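The structure that follows is given in the form of structure tokens.
Just so it is clear, the structure is predicted and the values come from calculations on it, not from any experiment.
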Amino acid sequence: MTLRRVNVVILVLLAVAFLIIVQRNLLNLNDFLQRENPDAVPGVVLPFEAELSPDLRVESTRTGEEISVVITAAEERLGGVVAAMNSIYQNSKANVVFNIVTLNDTVDHLKGWLSKTRLNNVKYKIIVFQPQMLSGKISKDPKRLETAKLLTFARFYLPVYIPDAEKAIYLDDDVIVQGDIQELYETNMKPGHAAAFSDDCDSASAKGIVRGAGNQNNYIGFLDFKKEAIKKMAMRANTCSFNPGVIVANLTEWKSQNITKQLEHWMELNAQEDLYSKTLADSITTPPLLIVFYKRHSTIDPMWHVRHLGTTGAGNRYSPQFVRAAKLLHWNGHYKPWGRTTSFPDVWDKWYIPDPAGKFHPVRRHTEDE
């Protein structure tokens with residue numbers, strides 16, 4: 001009987017000790033969460049910030065090195081810009097500054113959208129694109145070129161828009177960022193390289209080549225190698241091309257090498273001699289970039305530019321698991337994520353913020369509402 005009582009006493013003591021340890025751990029967790037969220041109610045353990053409603057989240061001032069992100073904003077694609085910005089901002093604690101290149105007619109709409117939604121705390125600068133910059137550099141009159149195509153040339157003028165930045169990221173408006181943009185910003189750049197791109201032959205996106213559209217993963221798909229000016233460059237026609245929808249730019253090197261002037265030279269020459277391949281007639285910004293950065297660019301991690309989501313059959317090329325693992329998704333191609341027919345619309349919808357002015361409606365949503 002005495003031995004049994006001793007065992008009972010030992011069990012009780014062990015239980016008490018266990019409860020004390022659990023209590024201390026809970027108190028330590030509470031202290032940690034309060035340090036992470038100083039506005040929390042004392043004594044209350046809150047969920048992690050990522051689980052809180054964006055409208056309830058108290059935004060602290062972001063400090064540290066500024067990460068300059070350049071993105072264009074055409075009126076008819078403004079929902080894409082907002083979704084891209086939201087995905088970048090919510091998935092990173094970095095001090096991101098958005099440099100939004102647009103036209104005068106879109107400025108008020110854009111400002112209203114940002115100020116009246118959860119993006120009202122983002123740091124941004126609006127830059128008005130001047131179409132006259134392209135006079136004599138493209139075959140069409142800049143005033144007659146549709147806004148989206150006009151603004152694609154903004155990536156050529158990065159140092160003009162952010163003269164004080166040493167480094168920047170350029171993004172197309174049809175992307176969603178699922179990783180921390182800081183990681184992309186810290187892409188390793190080789191000495192003397194002014195930019196980094198994702199090669200079209202990389203393992204992540206090579207299977208997204210559009211059949212029937214020519215050799216879209218090498219130079220011959222973009223340039224006419226029968227033209228004398230192209231022949232003189234001695235470029236290999238089967239060289240793997242790259243997609244300039246995502247660019248990490250070393251602007252110090254960009255300015256030192258006069259990259260913008262080089263790009264303008266090839267634009268002007270093409271306007272005179274028609275140097276671009278007829279296979280991809282809509283590609284007006286990629287060819288000069290391919291020429292200027294031929295074997296002179298660094299490489300972006302393939303998972304930071306998973307593309308071709310806007311092409312036919314993209315839903316069959318990539319598994320949902322792969323799409324979730326990608327750091328950056330790009331709906332390049334005809335089918336945009338805000339359009340009627342697209343692949344993985346749920347991924348884009350997660351980051352889309354409805355237009356408070358009621359002007360922009362994703363087509364599929366608008367159709368369903370009716």
Side-chain angles (χ1 to χ4, degrees), residues 66-73 80-81 84-85 87-88 92 94 96-101 127 129 148-149 151-163 165-177 179-190 192-202 204-205 217 219 222 240-264 266-267 283-308 326-332:
E66 286 189 355
I67 295 180
S68 296
V69 175
V70 178
I71 192 167
T72 59
V81 178
M85 290 176 62
S87 70
I88 294 167
S92 177
V96 180
V97 179
F98 294 99
N99 301 271
I100 311 168
V101 185
I127 302 159
F129 187 81
K149 288 188 176 182
L151 292 174
T152 60
F153 290 101
R155 73 195 83 192
F156 291 3
Y157 298 95
L158 297 179
V160 176
Y161 297 138
I162 41 177
E166 295 181 358
K167 196 173 183 180
I169 295 172
Y170 169 86
L171 298 174
D172 277 353
D173 58 8
D174 50 357
V175 306
I176 288 294
V177 175
D180 187 338
I181 198 74
Q182 180 89 40
E183 183 182 333
L184 178 61
Y185 185 76
E186 292 173 353
T187 294
N188 184 42
M189 305 276 283
K190 293 181 180 179
H193 285 182
F197 306 92
S198 180
D199 290 334
D200 286 327
C201 303
D202 64 46
S205 293
N217 68 333
Y219 271 49
F222 295 88
C240 184
S241 56
F242 54 77
N243 185 297
V246 178
I247 305 173
V248 180
N250 179 333
L251 298 183
T252 302
E253 285 290 344
W254 191 293
K255 288 183 281 190
S256 174
Q257 298 177 31
N258 289 319
I259 297 295
T260 297
K261 288 293 184 183
Q262 292 186 53
L263 292 168
E264 288 183 328
W266 286 103
M267 290 167 65
S283 182
I284 54 179
T285 52
T286 302
L289 286 164
L290 291 177
I291 298 171
V292 172
F293 288 104
Y294 178 71
K295 295 189 178 299
R296 295 172 57 206
H297 68 274
S298 296
T299 303
I300 292 173
D301 181 338
M303 293 303 283
W304 268 104
H305 194 179
V306 173
R307 47 200 178 276
H308 304 303
K327 303 292 184 68
L328 184 149
L329 300 167
H330 187 187
W331 278 263
N332 62 308

Grab the two heavy atoms, one from P244 and one from F197, that are nearest each other, plus how far apart they are.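 Between these two residues, the closest heavy atoms are CA-CD2, 4.1 Å.
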Approximate separation, where rounding is to 0.5 Å, of L328 CG and D301 CG: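 The CG atom of D301 is 11.0 Å from CG of L328, to the nearest 0.5 Å.
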Considering only heavy atoms from C-beta outward, does the side chain of T187 approach that of S298 to under 4.5 Å?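 No. Closest side-chain heavy atoms not under 4.5 Å.
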T285 side chain to F153 backbone, donor-acceptor under 3.5 Å: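 Between the backbone of F153 and the side chain of T285 there is no qualifying donor-acceptor contact (under 3.5 Å).
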Run the side-chain contact (heavy atoms from CB on, under 4.5 Å) test on V175 and R307 for me, step by step, so that the C-alpha distance in whole Å, both residues' side-chain angles and the decisive distance to 0.1 Å come before the verdict. CA-CA 9 Å; V175 306; R307 47 200 178 276; over 6 Å; no
Whether the side chain of Q262 engages the backbone of Q257 through a donor-acceptor N/O pair (distance < 3.5 Å, no angle test) should be reported.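 Indeed, once roles are kept as given, a pair shorter than 3.5 Å links the two residues.
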Under a 3.5 Å distance rule, please check whether Y170 uses its side chain to pair with a backbone N or O of A249 as donor and acceptor.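 The answer is no, because no donor-acceptor pair under 3.5 Å joins these two groups.
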For the atom pair CD1 (I259) and CZ (F156), what is the distance rounded to the nearest 0.5 Å?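 The CD1 atom of I259 sits 11.0 Å away from the CZ atom of F156.
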I need the minimum non-hydrogen distance between P302 and S198, along with the two atoms involved.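 What the structure gives for the nearest pair is CA-OG, 4.2 Å.
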Heavy-atom pair of closest approach, residues D173 and A84: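 Smallest heavy-atom distance, with atoms named: O-CB, 4.4 Å.
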So, applying side-chain contact (heavy atoms from CB on, under 4.5 Å) with N99, which one of I127, I71, V69, T72 is it?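 So the option named by the test is I127.
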What are the two closest heavy atoms between P159 and K255, and how far apart are they?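 For P159 and K255, the tightest heavy-atom pair comes out as CB-CG, 3.6 Å.
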Say you draw a straight line from CD1 of I291 to CH2 of W266; how long is it, rounded to the nearest 0.5 Å?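 These two atoms lie 4.5 Å from each other.
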Do L184 and K327 come close enough that some side-chain heavy atom pair is under 4.5 Å?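 L184 does not reach K327 side chain to side chain.
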With rounding to the nearest 0.5 Å, note down the distance linking CD1 in I181 to CH2 in W304.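 Rounded to the nearest 0.5 Å, the CD1-CH2 separation comes to 5.0 Å.
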CD1 on I67 to CD1 on I169, rounded to 0.5 Å: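 If we round to the nearest 0.5 Å, I169:CD1 and I67:CD1 are 6.0 Å apart.
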Can V246 and D172 be said to form a side-chain contact (heavy atoms from CB on, under 4.5 Å), step by step? CA-CA 7 Å; V246 178; D172 277 353; over 6 Å; no
Apply side-chain contact (heavy atoms from CB on, under 4.5 Å) to V96 and Y185, showing your working. CA-CA 10 Å; V96 180; Y185 185 76; over 6 Å; no
In the structure I gave you, are the side-chain heavy atoms of I300 and F242 within less than 4.5 Å of one another anywhere?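 Result no, sub-4.5 Å side-chain heavy-atom pair not found.
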Do E264 and Y157 pair up side chain to side chain, a donor and an acceptor below 3.5 Å, judged on atom types alone?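 Yes - a donor-acceptor pair under 3.5 Å links their side chains.
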For the CG atom of N250 and the NZ atom of K167, what is their distance to the nearest 0.5 Å?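 Reported to 0.5 Å precision, the distance equals 7.5 Å.
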Less than 4.5 Å apart, any side-chain heavy atom of H193 and any of E253?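 Not in contact.
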Under 3.5 Å donor-acceptor, N243 side chain and G245 backbone: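 Yes.
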For residues C240 and D200, report the shortest heavy-atom separation together with the two atoms involved.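 Shortest heavy-atom contact: SG-N, 3.6 Å.
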Working for side-chain contact (heavy atoms from CB on, under 4.5 Å), residues V101 and R155: CA-CA 10 Å; V101 185; R155 73 195 83 192; over 6 Å; no
Closest contact, heavy atoms only, Y161 versus A154: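 Closest heavy-atom pair between Y161 and A154: CE1-O, 3.6 Å.
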Should the heavy atoms of other residues, nucleotides or ligands under 6.0 Å from CD of E183 be counted, would the total exceed 12?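 Count over threshold, so yes.
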Applying the side-chain contact (heavy atoms from CB on, under 4.5 Å) criterion to L171, which one of I247, V70, I88 satisfies it?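 Exactly one pass, corresponding to I88.
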